[in-house]
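To start, the structure itself, in structure tokens.
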Amino acid sequence: MAAKVKSKSASRSLSRDDYLRMYRTMLCIRRFEEKTDELFMAGRIKGAVHVSIGQEACSVGVCSALNQDDAILTTHRGHGHSIAKGTRLNEMMAELLGKATGLCKARGGSMHIADISKGHYGAHSIVGANMPMAAGMGLAFQLEGKGRVAVVFFGDGASNQGSFHESMNLCAIWKLPVVFFCENNHYAVSFHVNRSTAVRDISLRAQSYNAPGVTVDGMDVMAVYEATKEAVARARRGEGPTLIEAKTYRFFGHSRGDPQFGPYRTKEEVERWRKRDPLLVAEKMFKVTEAEKKAVQGEVAEEMAVAVEFAEKSPEAPLPSALEDVYA
Amino acid sequence: MREITFVEALNEALHEEMDRDKKVFILGEDVELAYVFGVTKGLAARFGKDRVRDTPISELGIVGAGVGAAMAGYRPVIEIMFMDFIMLAMDPLINQAAKLRYMLGGQLSVPMVVRTPGGGGVQYGPTHSQCLEAWFMQMPGIKVAVPSDPADGKGLLKAAIRDDNPVLFVEHKMLYKQKGLVPEGEHLVPFGRAVVKRPGADVTLVGVGYQVVNCLRAAEALAAEGISAEVVDPRTLAPLDTATIAESVRRTGRCVVVEEGHLRSGAGSEIAAAIQQEAFDYLDAPIGRVAALDAPIPFEPRLEAFVLPNPDKIAKAVKQVLGAAV
């Protein structure tokens with residue numbers, strides 16, 4: 001059965017520093033995404049960007065429950081997960097700006113951020129493609145026997161891909177240490193989850209694979225954290241995968257081609273979700289003081305300024321580099 | 001050296017590589033008992049079911065899992081029961097495996113081998129008889145091996161497993177029972193090195209995979225008519241050793257390229273283009289091509305034979321490029 005997990009109270013195992021760190025990371029994601037949007041609108045970031053504003057609690061709740069040598073695999077909307085897993089900000093911003101110092105040497109861009117040194121095994125922009133990879137990483141971790149876990153992020157839309165079902169099945173039959181984390185932000189571009197999916201809670205789909213499925217409040221970082229912690233512990237014990245569904249919402253459009261309030265969703269709906277802004281929820285839950293808030297905001301603003309300056313001052317990727325690393 | 005079959009040579013390569021490197025493991029449908037073609041026979045008993053793992057019928061999942069395991073530092077060898085089924089796993093192979101290293105700025109590599117039986121001649125019909133290697137040959141980031149005899153099968157498979165790149169390893173079904181002399185123990189065939197399988201003076205036959213066997217048969221028949229045909233086997237299509245092929249054509253002045261993929265946009269199209277780039281002034285006739293005709297591979301034996309290449313078709317094409325009466 002899909003159980004409802006709802007955590008309004010802070011976990012006992014965490015310290016005040018931990019809470020503040022979580023809050024800080026969420027704010028860092030928010031500011032990074034705002035900066036990304038600004039640079040994109042100014043034409044300084046080329047191509048496509050998909051910002052995750054509104055979904056910060058998912059990124060931070062999940063990654064706070066992981067060790068550095070645990071793996072994440074994310075999606076086209078992966079900046080938040082990347083930051084939460086510790087991805088180097090300067091090099092990430094440089095990648096967005098298409099610089100030689102970028103994490104992917106300006107070949108991958110926003111949709112393919114990866115920082116293997118931090119256990120970030122890549123944003124994978126084909127919807128659903130990362131799930132079989134996560135199964136394979138889980139298989140490698142099982143063979144390796146060091147207790148590492150792979151977490152794969154995906155959206156409500158991806159849960160309709162065959163890759164989701166094939167991967168859940170592989171992980172379940174082999175009891176692989178994989179956590180399937182579905183950020184149900186309710187829209188696959190403009191297609192509402194109620195129209196794409198016959199079950200009300202995507203977590204119900206875990207039943208087909210005899211795995212636990214839970215639905216959590218994706219705007220509550222602690223709810224996400226607690227559910228992930230449990231799923232990760234289960235995975236480390238060799239008991240196999242868990243499907244976590246976090247109900248969340250993207251405050252911005254799918255990408256910049258798509259207005260915040262398109263014909264597919266109303267302003268009222270967006271406003272309703274914005275009242276449950278994960279940053280506000282965390283501030284209240286963690287009782288962040290004005291002084292703490294101010295200090296964190298200052299630090300994060302400084303980090304962003306450093307990242308943008310690093311990226312802007314970095315050299316362009318040399319043309320011949322477009323032909324490197326095709327083969328090992 | 002001793003004479004063993006192609007299947008036995010591949011099986012030996014897998015035994016040796018799994019023995020040598022604990023990171024090598026096998027995933028595939030019915031690989032434990034290996035009822036279908038038998039390439040993985042005995043491996044589960046020897047190395048355990050963790051490393052020789054039967055999978056559900058889930059090609060996308062299996063190949064994708066191979067990519068993930070390779071990203072984590074393992075060396076998966078995936079068996080896809082029929083090459084046609086690779087169509088179900090194109091995303092992990094083409095969008096992921098072939099691009100990941102590049103796309104992630106060289107942060108990791110994907111040392112994965114996908115082994116698969118291709119080709120017709122066994123009346124399995126349109127969806128179990130294809131030779132799709134040209135599709136993959138076009139794609140940067142992936143390597144393609146097309147062995148044509150047991151020794152190359154063993155040497156190329158061992159090299160493929162040690163390669164840090166994704167490799168598509170095509171095993172033509174008609175080769176499985178063919179016998180040949182194979183070195184015992186360490187035997188590696190480097191990728192990107194073509195070999196002259198039969199020397200000749202009048203015409204160069206470039207064969208792909210099993211069609212090398214048919215080229216050799218055609219060359220034998222042509223010899224009886226006083227035509228000396230050289231047979232070149234590229235052994236890998238990506239990378240492709242155009243230098244060895246062009247060198248042969250410069251000596252013979254004539255060339256027929258033979259493959260079992262379809263004629264249109266086939267591997268032979270690329271090989272012919274390379275030849276005209278590198279040996280244009282030496283060509284005494286247009287480059288001939290023999291390939292599967294541009295229709296799906298039909299089931300019925302006469303129809304199938306009509307569509308597929310064979311030694312007679314090759315000999316006829318040779319006579320055409322020699323300007324002889326056909």
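Because the structure is a prediction, the values reported are computed rather than measured.
When all heavy atoms are compared, the tightest approach of B:A72 to A:M137 is CB-CE, 4.0 Å. Closest approach of B:T55 and A:W174 over heavy atoms only: CG2-CH2, 3.7 Å. Taking each heavy atom of B:D164 and A:A328 in turn, the nearest pair found is CB-CB, 3.6 Å.
Considering only heavy-atom pairs separated by less than 4.5 Å from chain A, the leading option among B:L60, B:L108, B:L27 is B:L60. The greatest number of non-hydrogen atom pairs below 4.5 Å with chain A, out of B:A98, B:P111, B:P140, is found for B:P140. Ranked by non-hydrogen atom pairs under 4.5 Å with chain B, the options A:A71, A:G102, A:C104 are led by A:C104. With respect to chain A, the highest number of heavy-atom pairs below 4.5 Å among B:G68, B:G66, B:P76, B:P92 belongs to B:G68. Counting heavy-atom pairs under 4.5 Å between each of A:A135, A:A129, A:S167, A:S117 and chain B puts A:A129 at the top. When each of B:N95, B:V110, B:V63 is checked for heavy-atom pairs under 4.5 Å with chain A, B:N95 comes out on top.
Screening residues 35-47 of chain B for salt bridge (Lys or Arg N to Asp or Glu O under 4.0 Å) gives B:D19-B:R46 as the qualifying pairs, with residues at least two apart or on separate chains.
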Next on the checklist: Between B:Q96 and A:N130, does the side-chain contact (heavy atoms from CB on, under 4.5 Å) criterion hold? Intermediate values first, please.
Outcome noted: CA-CA 9 Å; B:Q96 317 307 332; A:N130 55 4; over 6 Å; no
Checklist entry - Can you list the steps and then say if B:Q107 with A:L103 is a side-chain contact (heavy atoms from CB on, under 4.5 Å)? => result CA-CA 8 Å; B:Q107 291 187 65; A:L103 286 165; 4.2 Å; yes
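Using a 4.5 Å cut-off between heavy atoms, A:A100 does not touch chain B at all. Of the atoms belonging to B:S109, it is side-chain heavy atoms, and not backbone ones, that fall under 4.5 Å from chain A. There is no contact between B:K22 and chain A, counting heavy-atom distances below 4.5 Å. Heavy atoms of B:M139 lying under 4.5 Å from chain A belong exclusively to its backbone. In this structure, chain B has heavy atoms under 4.5 Å from both the backbone and the side chain of A:D115.
By the neighbour-count criterion of 12 heavy atoms within 6.0 Å, atom CH2 of B:W135 is sparsely surrounded, having that number or fewer from other residues, nucleotides or ligands. Within 6.0 Å of CD in B:E32 there are more than 12 heavy atoms belonging to other residues, nucleotides or ligands. The environment of CZ in A:R237 is crowded: more than 12 heavy-atom neighbours from other residues, nucleotides or ligands sit within 6.0 Å. Around atom CD of A:E309, no more than 12 heavy atoms belonging to other residues, nucleotides or ligands sit under 6.0 Å away.
Side-chain atoms of A:R107 come within 3.5 Å of backbone atoms of B:Y102 as a donor-acceptor pair (strictly under, hydrogens ignored). The closest donor-acceptor contact from the side chain of B:N165 to the backbone of A:Y327 lies at 3.5 Å or more, if one exists at all.
Under the 4.5 Å side-chain criterion, counting only non-hydrogen atoms from C-beta, B:P56 is in contact with A:I173. When side chains are defined from C-beta on, B:L100 counts as touching A:H124, because their heavy atoms get closer than 4.5 Å.
The CD1 atom of A:I113 sits 9.5 Å away from atom CG of B:L104, with the distance rounded to the nearest 0.5 Å. Note that CD of A:E166 is 7.5 Å distant from CD of B:E59, once rounded to the nearest 0.5 Å. Atom CG of residue A:N169 and atom OG of residue B:S58 lie 6.5 Å apart, to the nearest 0.5 angstrom.
Residues of residues 139-154 of chain A lying under 4.5 angstrom from chain B, judged on non-hydrogen atoms, are A:L139, A:A140, A:F141, A:Q142, A:L143, A:E144 by number.
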